[in-house]
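What you are looking at is a predicted structure, and each value in this text was computed from that prediction instead of being measured.
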2 protein chains.
Amino acid sequence: MGRHREFDVEKALDAALCVFWRKGYEGASYADLTEAAGVERPALYSAFGNKEALFRQALARYDERYLGYIPEALQLPTAWEVAAHILYNAADLNTRYPDRTGCFGINGALAGSDEAEPVRQALIDFRAAAQAQLRERFERAKAEGDLPETAKSDALAAFVMAVTHGMAVQAKAGFSRAMLEAVAEQALSTWPTGSSTSSGTS
Amino acid sequence: MGRHREFDVEKALDAALCVFWRKGYEGASYADLTEAAGVERPALYSAFGNKEALFRQALARYDERYLGYIPEALQLPTAWEVAAHILYNAADLNTRYPDRTGCFGINGALAGSDEAEPVRQALIDFRAAAQAQLRERFERAKAEGDLPETAKSDALAAFVMAVTHGMAVQAKAGFSRAMLEAVAEQALSTWPTGSSTSSGTS
DNA sequence: CCTTTTTCATAATGGCCATTACTAAACCAC
DNA sequence: GTGGTTTAGTAATGGCCATTATGAAAAAGG
């Protein structure tokens, strides 16, 4: 029993996600969030908890709604294709929405006040998880002869992630999608190969 | 005539620089700044103006005190050496001070509230200036035959900058200097060459 | 020594922040 | 239809924010 909720919780979360994406965790105020969601403050609190809880749910939603290309990439047959898929899709995602350029996980909280420490750490862990998956995929590639035995899979994974992070910074600075693709292309141009070499784009 | 200033303005600026480096523009409060500088609020205002003016002076000081390796790099004989010098020195600077990892120019303001827009733009312009210098240096390298005619100097400059930005994000996340150096090494491993090839590290 | 000028430190100001009482309205069970 | 329960919206609360008024202290000129 009781009164029904009058707003769509998922739409409100999507709206909050966009605000956090654009302004980051600390840069987003409840005035911004309620305006974007079209919902009053207490409704957001009752539906999501406090600001930190709302941000964490927005992060989870970002993962499932926008980062599907990462598990996609991991299933591609060669390490080169994995890296290319990630880099080109990152270039696309970082420039696809002009009102929220860059990456949610980078814009969210890089530096900030001490109160934002838990959120910052959550984003660090989130990126670390992706990087670990990538490293494991590259280790598999070594076992399959797709990468040379001398390749350092952790360094390669860190490198691919670094380039995506750098592209996110550049996208937030207004770089065009074409420019980011050129960065991705350069990053891929010296990819180590095992027995077979690859070419083409994702 | 009049009373003498009792604190060292340069030391206060250095202290503010460290706070901004660690917490970014919006994450740093005057409580943080005055504590670090050992100076009361009105003294900071009278010496530097408001928070934005203080930040801009901190940025200028960061440039002259910590980024000397960039003009240094630009004078090296080959494009490869230029890139290597920048990447390895960035890896060093981003991890040199455990209390302020990453890069002032990235931590300072990536995303934030609308009030921080001018500061964000100032940092974007700052990075763009460095990237333009790098691009010009690479164009010279093409003229000198140090880079192939087919090389795209703007893409190469953007790539080198992207890797430094990515390393800054990773350093802020706690990555070790060795890991960042491995990223730098991977970034340099496929550098295009003209007639001569290079090797070694900076 | 006294006046003028500058700096110092305390403490105030107004605004925005996240969070939440509180009241009225809407719904379900009975 | 009525009682119990959940939501909606207004408006309050306490805290921190950048900024500055105020007055004491200190230095230099006359």
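- Between the side chain of B/Arg3 and the base of C/dT7 there is at least one donor-acceptor pair of N/O atoms closer than 3.5 Å.
- The stretch residues 33-48 of chain B comes close to DNA chain D through B/Arg41, B/Pro42, B/Tyr45, each having a heavy atom under 4.0 Å from the strand.
- A search for salt bridge (charged side-chain N to carboxylate O under 4.0 Å, His left out) contacts involving A/Arg135 returns A/Glu139, not counting sequence neighbours.
- The salt bridge (charged side-chain N to carboxylate O under 4.0 Å, His left out) pairs that include a residue from residues 167-180 of chain B are B/Asp92-B/Arg177, B/Arg177-B/Glu181, where partners are two or more places apart or lie in different chains.
- With hydrogens and angles disregarded, no donor-acceptor distance shorter than 3.5 Å links the side chain of A/Asp146 to the backbone of A/Lys142.
- Take A/Ala36 and apply the side-chain contact (heavy atoms from CB on, under 4.5 Å) test, not counting sequence neighbours, and it matches A/Ala15, A/Val19.
- Screening residues 98-111 of chain B for salt bridge (charged side-chain N to carboxylate O under 4.0 Å, His left out), with sequence neighbours left out, gives no hits.
- Under the side-chain contact (heavy atoms from CB on, under 4.5 Å) criterion, A/Ala168 pairs with A/Asn94, A/Cys103, A/Ile106, not counting sequence neighbours.
- Residue whose closest nucleotide on DNA chain D sits further toward the 5' end, between B/Glu6 and B/Ala31: B/Ala31.
- Remark: A/Glu10 pairs with A/Asp8, A/Arg61 by the side-chain contact (heavy atoms from CB on, under 4.5 Å) rule, at least two apart or across chains.
- When the side-chain contact (heavy atoms from CB on, under 4.5 Å) test is applied to A/Gln121, the partners found at least two apart in sequence or on another chain are A/Glu117, A/Ile124, A/Asp125.
- For the residue pair A/His165 and B/Gln170, no side-chain donor N or O sits within less than 3.5 Å of a side-chain acceptor on the partner.
- Contacts between chain A and DNA chain D, taken as any atom within less than 4.0 angstrom of a protein heavy atom, begin and end at D/dT5 to D/dT10.
- Between B/Tyr66 and B/Trp21, the gap from one ring centroid to the other is short of 6.0 Å.
- Note that OG of A/Ser153 is 11.5 Å distant from CZ of A/Arg137, once rounded to the nearest 0.5 Å.
- Taking a 4.0 Å limit (strictly below) on heavy-atom distances, residues 107-123 of chain A does not reach DNA chain D anywhere.
- Sequence order on DNA chain C of the closest nucleotides to B/Gly2 and B/Phe7 puts B/Gly2 first from the 5' end.
- In this structure, B/Phe126 has its ring center no closer than 6.0 Å to that of B/Tyr62.
- Among pairs with a residue in residues 22-33 of chain A, those fulfilling salt bridge (charged side-chain N to carboxylate O under 4.0 Å, His left out) read A/Lys23-A/Asp32, A/Lys23-B/Asp114, at least two apart in sequence or across chains.
- Of all the residues in residues 19-28 of chain B, B/Ala28 reach under 4.0 Å from DNA chain D with at least one non-hydrogen atom.
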